[in-house]
Amino acid sequence: MLASRIQRRAFSASARNLSKVAVLGAAGGIGQPLSLLLKLNTRVTELALYDIRGGPGVAADISHVNTKSTVKGYDPTPSGLAEALKGSDIVLIPAGVPRKPGMTRDDLFNTNASIVRDLAKAVAESAPEAKLLIISNPVNSTVPICAEVFKARGVYNPKKLFGVTTLDVVRASRFVSEIKGTDPKDENITVIGGHSGVTIVPLFSQSNHPELSSNAELVNRVQFGGDEVVKAKDGAGSATLSMAFAGARMADALLRAADGEKGVIEPTFVESPLYKDQGIEFFSTNVELGPNGVEKIHPIGNIDANEQKLVEACLGDLKKNIAKGVAFVQENPGN
Ligand SMILES: NC(=O)C1=CN([C@@H]2O[C@H](COP(=O)(O)OP(=O)(O)OC[C@H]3O[C@@H](n4cnc5c(N)ncnc54)[C@H](O)[C@@H]3O)[C@@H](O)[C@H]2O)C=CC1
Ligand SMILES: O=C([O-])CC(=O)C(=O)O
């Protein structure tokens, strides 16, 4: 009995990987709470915080939290960025500008496309093996931008590039639990498509409450939940705290999968075969994660007539968003 417990403990200790996690944009509204949550994750052994301003300060602050991982902030220089990235297993990118009221996520493209392109280049050079999690909007376009950058350098691995759509799943679960008076931990809602407006498609027909797929108000709230926060913040940005929670959840899922846990499934925006025949290279569905990143992309499964209409509306916008990201890198390869 005791021997088997000791053996089990020895196994779990040796199965644990050392995990360096880097956050690019670590001093921002998302970056700070995300970095704090990563500091609380016992699977993270080293935390590298980079920003064009304020990285070392945030790192000094978080480094006093008494968990075991080491935390280091890096100078806003190319060599600082390279150092931050070197040896990283996971890189999260929340760098870039957030929305103000009246803007769509696509309105952020002109500013954020080049920020993400340049950071992706640095990742391709210094941490090509890392799992790369893109938070910066518009996610539907910034993920294809990263893929193009990696392809141009011959280091693209579609199993390791993820658009973080976890916040849509978090919101759907919470909104349903509010309506039904349930615990959100029991409300697992699959959300597919992309991460903006009508490209966000919640599949309530697959949940505990299939009838909710005809609740247009709820569907709209999941699709435009980000707008609620943008409006409430009144010019001071968009979701940061709930996003940090969602980003930390996605990073934790990858860390657990890397540690050998089976059956780790999260919806995430990845290169996907599901709609490639319609020219749509990236799509979010449930994805089983493994030590190398994407293990298995799940099909969308059975959906009802309401959801079928939502998917059709999603595909049109998504195709344009993806094409815009690809064209940007082809036309603006940068240095
Ligand atoms: N995927 C999702 O579900 C969500 C995505 N977002 C997006 O996340 C992004 C960040 O949002 P916030 O943190 O609220 O913005 P913020 O403005 O508070 O923080 C952004 C940070 O990025 C830094 N930064 C800018 N350029 C950089 C570069 N080249 N290298 C490193 N750092 C750089 C800035 O100095 C700043 O600290 C926005 O694009 C926003 O739309 C926000 C919420 C949810
Ligand atoms: O709405 C925004 O601009 C930020 C975001 O992506 C979200 O909250 O889902």
Side-chain angles (χ1 to χ4, degrees), residues 22-35 48-59 73-78 80-82 84-85 91-123 133-143 145 162-172 174-175 191 193-197 199-200 221-233 235-251 266-269 284 321 334:
V23 181
L24 312 183
I30 296 167
Q32 293 200 35
L34 173 61
S35 302
L49 305 186
Y50 175 84
D51 198 293
I52 49 168
R53 64 186 74 84
V58 172
Y74 292 83
D75 290 336
T77 57
L81 177 55
L85 288 168
V91 178
L92 293 119
I93 305 190
V97 292
R99 286 198 285 163
K100 289 192 182 335
M103 291 172 83
T104 66
R105 290 184 184 78
D106 190 53
D107 292 334
L108 302 172
F109 186 94
N110 288 345
T111 311
N112 289 352
S114 53
I115 292 175
V116 172
R117 177 199 60 198
D118 294 345
L119 290 173
K121 277 184 199 166
V123 178
L133 277 62
I134 305 301
I135 294 171
S136 315
N137 272 316
V139 167
N140 295 355
S141 305
T142 50
V143 170
I145 285 174
F162 306 86
V164 180
T165 57
T166 323
L167 182 53
D168 304 319
V169 180
V170 166
R171 283 183 178 133
R174 184 60 190 141
F175 297 167
V191 183
H195 179 68
S196 72
T199 71
I200 299 170
R221 192 171 180 214
V222 173
Q223 292 187 316
F224 294 92
D227 296 39
E228 242 178 63
V229 183
V230 170
K231 193 161 170 251
K233 291 200 174 177
S238 55
T240 53
L241 304 170
S242 50
M243 180 59 236
F245 170 80
R249 167 172 148 173
M250 183 63 196
E266 285 285 343
T268 171
F269 188 67
S284 179
N321 294 158

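Residues take their numbers from the sequence shown, with the count starting at 1. Since the structure is predicted, the reported quantities are computational estimates derived from the model, not experimental observations. Whatever order the structure lists them in is the order used to number ligands and atoms, beginning at 1.
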Are any of the N or O atoms of Asp227 closer than 3.5 Å to those of ligand 2? no
Which bit of Leu167 gets closer than 4.0 Å to ligand 2, counting heavy atoms only: side chain, backbone, both or neither? side chain
Which of the numbered atoms in ligand 1 are below 4.0 angstrom from a heavy atom of Thr240? 14 (O)
Sub-4.0 Å heavy-atom contact, Gly237 with ligand 1: no
Between Asn321 and Thr199, do the side chains contain an N or O donor and an N or O acceptor separated by less than 3.5 Å? no
Nearest heavy atom to atom 22 (O) of ligand 1 wins, so pick from Gly96, Pro33, Gly28. Gly96
Nitrogen or oxygen atoms of Ser238 and ligand 1 under 3.5 Å apart: no
Please identify which atoms of ligand 1 are closer than 4.0 Å to at least one heavy atom of Val139. 1 (N)
Would you mind listing which atoms of ligand 1 come within a distance below 4.0 Å of any non-hydrogen atom of Leu119? 30 (N)
If the cut-off is 4.0 Å to any non-hydrogen atom of Gly29, which atoms of ligand 1 fall inside it? 13 (O), 16 (P), 18 (O), 19 (O)
Counting heavy atoms only, name the option from Asp168, Thr142, Leu108, Asp51 that's nearest to atom 37 (O) of ligand 1. Asp51
Is the closest N or O pair between Asp168 and ligand 2 shorter than 3.5 Å? no
Atoms of ligand 1 close to Asn112 [distance to a heavy atom under 4.0 angstrom, numbered from 1]: 39 (O)
To the nearest 0.1 Å, how far is atom 10 (C) of ligand 1 from its closest protein heavy atom, and which atom is that? Pro94 O, 3.0 Å
Atoms of ligand 1 close to Arg53 [distance to a heavy atom under 4.0 angstrom, numbered from 1]: 35 (O)
